Amino acid sequence: MDIVTAHDRPNTVAEAIEIQETLRGLVELEDRCPQEIVTVTGLDVAYDEESDLIAAAAVTLETAGFRVVEKRTMVSEVSFPYEPGLFAFRELPSLLDALRALDHTPDLLICDGHGLAHPRRFGLACHVGVVTGLPTVGVGKTRFIGEYAEPGRERGARTPLTDGGEVVGAVLRTQDGVKPLYVSVGHKISLDNACRQVLRLCPAFRQPETTRHADRLARDTLKEALAR
């Protein structure tokens, strides 16, 4: 896959915000993904605050049976300060390195984070999608911005996540009675399709299988790096 990396390493908070403001106009909110999504890559990171190490993981699964196709990791030092709304700049360099190491380009990316559900409508999932050119969905475990009504308790129930009167995502129940997830468009996919794909990736647990695999791999990789 062709990955643009010129906009992932700002030197200041002002530069980072300017990058977000510049790139957000490139986000595509309609379906430009394959009609049949065969492979999905989950992205996640693990931090060690004491050493500033970050481990990024990219795990590609087949949607039929969730077989792991390939997985890649990258360990590096965090190069951007902790700033709300700018988390992407802490995670993006390592995530892009892990993605670049994949042998096969997936049909869809799932980020453990937000897309449009962001103060500047350009969260991690949007950023990853724009610089890779791949359809991308943001799936957050907690709300970052917005208001919503609690969805029904049954699997598949959803309500709009709105911010300033604008729909920026959906609050989706992926299993009966569990806490919902916060789904938002990253790039080249509609919100309805994003929710369908997330449900498809959650056959038995709250989080998508892609996220579960990537989270475990990132944690294990960080643990191994710290033990050296």
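Every value quoted in this text rests on a predicted model; they were computed, and no experiment measured them.
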Taking all heavy atoms of [X] and all of [Y], pick out the closest pair and write down the distance.
{"X": "I189", "Y": "T136", "result": "CG2-O, 3.5 Å"}
{"X": "Q207", "Y": "C202", "result": "C-SG, 3.5 Å"}
{"X": "R206", "Y": "Q175", "result": "N-CG, 3.9 Å"}
{"X": "L199", "Y": "T174", "result": "CD2-CA, 3.9 Å"}
{"X": "I145", "Y": "H118", "result": "CD1-N, 3.3 Å"}
{"X": "F144", "Y": "P119", "result": "CE2-CD, 3.3 Å"}

Quick check: is [Y] connected to [X] through a chain of hydrophobic side chains (ILVMFWY, heavy atoms under 4.5 Å apart)?
{"X": "F87", "Y": "L109", "value": "no"}
{"X": "I19", "Y": "I17", "value": "yes"}
{"X": "V198", "Y": "L161", "value": "no"}
{"X": "L96", "Y": "V78", "value": "yes"}
{"X": "L108", "Y": "L116", "value": "yes"}

Between [atom1] on residue [X] and [atom2] on residue [Y], distance to nearest 0.5 Å:
{"X": "R219", "Y": "D48", "atom1": "CZ", "atom2": "CG", "result": "12.0 Å"}
{"X": "L201", "Y": "I37", "atom1": "CG", "atom2": "CD1", "result": "8.5 Å"}
{"X": "Y82", "Y": "R90", "atom1": "OH", "atom2": "CZ", "result": "8.0 Å"}
{"X": "E18", "Y": "L23", "atom1": "CD", "atom2": "CG", "result": "10.0 Å"}
{"X": "Q197", "Y": "S190", "atom1": "CD", "atom2": "OG", "result": "9.0 Å"}
{"X": "L99", "Y": "T60", "atom1": "CG", "atom2": "OG1", "result": "8.0 Å"}

- Passing option when R121 is tested against Q20, H114, E166 for side chain to side chain donor-acceptor pair (under 3.5 Å):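 Of the listed residues Q20, H114, E166, the side chain to side chain donor-acceptor pair (under 3.5 Å) partner of R121 is E166.
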Under 3.5 Å, side chain of [X] to main-chain N/O of [Y], donor-acceptor pair present?
{"X": "E83", "Y": "V13", "answer": "no"}
{"X": "E15", "Y": "N11", "answer": "yes"}
{"X": "K71", "Y": "L217", "answer": "no"}
{"X": "E62", "Y": "T39", "answer": "no"}
{"X": "D107", "Y": "V40", "answer": "no"}

Would you say [X] and [Y] make side-chain contact, with heavy atoms under 4.5 Å?
{"X": "S51", "Y": "L226", "value": "yes"}
{"X": "L124", "Y": "L95", "value": "yes"}
{"X": "V59", "Y": "T41", "value": "no"}
{"X": "Y47", "Y": "L53", "value": "no"}
{"X": "V45", "Y": "S94", "value": "no"}
{"X": "R200", "Y": "T63", "value": "yes"}
{"X": "R153", "Y": "D176", "value": "no"}
{"X": "E209", "Y": "L61", "value": "yes"}

- Task: Under the side-chain contact (heavy atoms from CB on, under 4.5 Å) rule, what do T211 and I110 come out as? Steps first, then yes or no, please.
- Result: CA-CA 7 Å; T211 301; I110 301 290; 3.9 Å; yes
Please list, one pair per line, the donor and acceptor atoms closer than 3.5 Å that link side chains of residues 178-185 to other protein atoms, with sequence neighbours excluded.
{"residue": "Y182", "atom": "OH", "partner": "Y148", "partner atom": "OH", "Å": "2.9"}
{"residue": "S184", "atom": "OG", "partner": "G115", "partner atom": "N", "Å": "2.7"}

- If the plane angle is over 60° it's perpendicular, under 30° parallel, otherwise tilted; pick one for F89 and F80.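 Answer is tilted, since the angle falls between 30° and 60°.
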- Message: Evaluate L92 against H127 for side-chain contact (heavy atoms from CB on, under 4.5 Å), listing each step before the verdict.
- Response: CA-CA 8 Å; L92 197 62; H127 209 146; 3.4 Å; yes
With a 4.0 Å cut-off, would you call [X] and [Y] a salt bridge?
{"X": "R212", "Y": "D44", "answer": "no"}
{"X": "K223", "Y": "D220", "answer": "no"}
{"X": "D112", "Y": "K141", "answer": "yes"}
{"X": "D97", "Y": "R72", "answer": "no"}
{"X": "E150", "Y": "R173", "answer": "yes"}
{"X": "R32", "Y": "E30", "answer": "no"}

- Task: Decide side-chain contact (heavy atoms from CB on, under 4.5 Å) for I54 and E91; before the verdict, give the C-alpha distance in whole Å, the side-chain angles of both, and the deciding distance to 0.1 Å.
- Result: CA-CA 8 Å; I54 179 174; E91 302 180 3; 4.2 Å; yes
- Message: So for atom CD, which belongs to E36, do other residues, nucleotides or ligands contribute more than 12 heavy atoms lying within a distance under 6.0 Å?
- Response: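 No - once you tally the heavy atoms of other residues, nucleotides and ligands closer than 6.0 Å, there are 12 at most.
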- Does atom CZ of R24 have more than 12 heavy-atom neighbours, drawn from other residues, nucleotides or ligands, at distances under 6.0 Å?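 Check passes, neighbour count above 12.
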- Can you list the steps and then say if E70 with L102 is a side-chain contact (heavy atoms from CB on, under 4.5 Å)? CA-CA 7 Å; E70 59 178 328; L102 292 174; 3.7 Å; yes
